[in-house]
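Written out below as structure tokens is the structure these notes cover.
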Amino acid sequence: MPRRTQFTLYKPKSILNKHKRADHWFWSRYTAYPYLGCQHGCEFCYCREQKFSPYDNPDDFAYTIKVKENAPQLLRKALTRAKTDVIFTGDYQPAEKKFQLSRKMLKICLERNFPVFILERSPLILRDLDLLTEIESRARAVVSFSIISTPDSPHYQRIRQMERLAPPPEKRFAAMEKFASAGLMTGTSMMPLLPELCDDDANLESIIKWTADHGGSFVLASGLTLSDQQRSYFFQILAQRFPDLLPAYKKHYPAGKSYGAVDNNWRRTALKIRELCQKHGIKDRMPRPIIPGDKFATNKRIVEILADKLYAMELENVHKSQLWAYRKAAWAVEDLQQDIKLIYRTMGLKGIQSVENISPSLGKVIEKLLANLLNEQESNPTALNTPSGVLKFK
Ligand code: SF4
């Protein structure tokens, strides 16, 4: 007998989690989710880890859904005091059909002109295409679909077993095509790439090709993490359903270490993804969505270019000290309370180099980037708001 889902309604005290600065993957500064637990119940989901999960028994994660019934009201209040930036929100598990909290929260983002980023495994999100299109026209809206295999993938059936309660990837790709046709930036998050099942070249190429063919402009990827109770839960699933995979996973994820597979194999996988993205004409980084008229647009573009370079350097296995110089410079520009263009115009290179945590050599790099951006802007005044990633690091 399939287990029945229980919904528990409650009123949390807050809904909007604020981060010090936007992350370098999804470019979101805030997160706000309407539900705890997920009916899609993907076996690999990190939300079963103790630090995220309100459940003592990881089995409850997919069947006991906690509904934040006052989420829209809390969001409206929180956004009156928040600086405009990207909110990572939305959750289109089946509960959304009944409670419609994601939709109500999107209405508030629209009312307050906040850009949104949504990462989704369900085509139910198409129901809110109208709202997302409106948000895109005023602020920005980006939808990324979580997809780790296609019907062409060598291990499709086994991978589907790992996310068997979620709608199939073909439906997610069909939804992606509709968002792309409506003019929204969309793409795929290959998260998590399960070792032994998803990280072979054939699967990677298949997802990237399907993404490009369905109007997606980027893929993002990350490996699987397994910690505490989620590690035991996942190993139990493997033992029951895929015992042949258990020895390899025990090797990739020794007790007490969460990121074994990522550490050992990630660079090779990420480089392959980069090569395949180039072949199929899309990016392996998500372009940063910038709100039209944002007075810090130049700063944000500079941060995006520095973050792209930082990622490329990580793939090239550059020394950690160089990575840190770029990371700290990106954070320093993100934290600036002034338009970096004005600093440069009034004080030149010295002005940039005087910003805390920007080293003299990174100051010169930023000076060059600014010169490129300003040239670009002269020929195309909307260049800073163009989410095309055309302003490359030179
Ligand atoms: S859809 Fe996402 S949040 Fe839900 S179980 Fe799957 S991985 Fe977790």
Side-chain angles (χ1 to χ4, degrees), residues 2-3 5-7 17 25-26 28 31-55 57-68 71 87-99 101-102 105 116-128 142-149 156 158-173 175-176 186-195 197-199 207 219-234 236-238 241 258 261-262:
R3 195 172 155 186
T5 307
Q6 286 187 326
F7 298 105
N17 301 305
W25 277 110
F26 307 122
S28 59
T31 52
Y33 306 118
Y35 311 109
L36 284 175
C38 180
Q39 289 166 278
H40 292 147
C42 308
E43 309 295 15
F44 44 75
C45 184
Y46 70 91
C47 297
R48 284 192 193 83
E49 288 174 18
Q50 249 146 25
K51 62 177 178 283
F52 304 110
S53 174
Y55 309 102
N57 179 356
D59 282 336
D60 292 339
F61 170 73
Y63 299 99
T64 308
I65 307 302
K66 304 199 179 200
V67 179
K68 302 176 189 177
I87 307 177
F88 191 147
T89 188
D91 183 340
Y92 292 83
Q93 57 176 297
E96 175 62 17
K97 281 189 209 150
K98 183 175 159 91
F99 298 103
L101 290 174
S102 295
M105 289 168 77
V116 299
F117 170 75
I118 300 180
L119 179 58
E120 192 44 55
R121 250 189 178 82
S122 169
L124 177 60
I125 189 177
L126 272 175
R127 184 201 64 193
D128 293 344
V142 181
V143 176
S144 183
F145 288 89
S146 288
I147 298 173
I148 55 171
S149 70
Y156 179 67
R158 303 192 104 194
I159 296 166
R160 281 297 293 143
Q161 274 296 306
M162 296 284 190
E163 47 164 36
R164 70 202 150 91
L165 302 176
E170 302 91 296
K171 291 199 173 166
R172 294 173 232 161
F173 277 118
M176 182 186 293
T186 180
T188 296
S189 298
M190 303 193 280
M191 296 178 175
L193 287 173
L194 304 170
L197 291 175
C198 306
D199 54 359
I207 300 172
V219 297
L220 296 173
S222 73
L224 173 72
T225 65
L226 287 178
S227 289
D228 53 60
Q229 59 184 32
Q230 168 57 9
R231 181 177 176 275
S232 334
Y233 174 86
F234 192 71
Q236 186 193 316
I237 296 292
L238 290 178
R241 299 197 215 141
S258 333
V262 176

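Because only heavy atoms are used, hydrogens play no part in the values below, and waters and symmetry mates are left out as well, while side chains stay in. Whatever order the structure lists them in is the order used to number ligands and atoms, beginning at 1. We count residues from 1, following the sequence as given.
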Q. Below 6.0 angstrom between ring centroids: does that apply to Phe99 and Phe7?
A. yes

Q.
Tell me whether Arg172 forms a cation-pi arrangement with Phe145, defined as NZ or CZ under 6.0 Å from the six-membered ring centre and within 45 degrees of its axis.
A. no

If the condition is side-chain hydrogen bond (donor to acceptor under 3.5 Å, both in side chains), which residues does [X] pass it with, not counting sequence neighbours?
| X | value |
| --- | --- |
| Asp91 | Gln93 |
| Thr186 | none |
| Tyr156 | Glu170 |

Q. Under 3.5 Å, is there a donor-acceptor pair between the Tyr92 and Asp128 side chains?
A. yes

Q) Close to atom 8 (Fe) of ligand 1, meaning under 2.8 Å, how many protein N, O or S atoms are there? A) 1

Q. Phe61 heavy atoms, cut-off 4.0 Å: which ligand 1 atoms fall inside?
A. 5 (S)

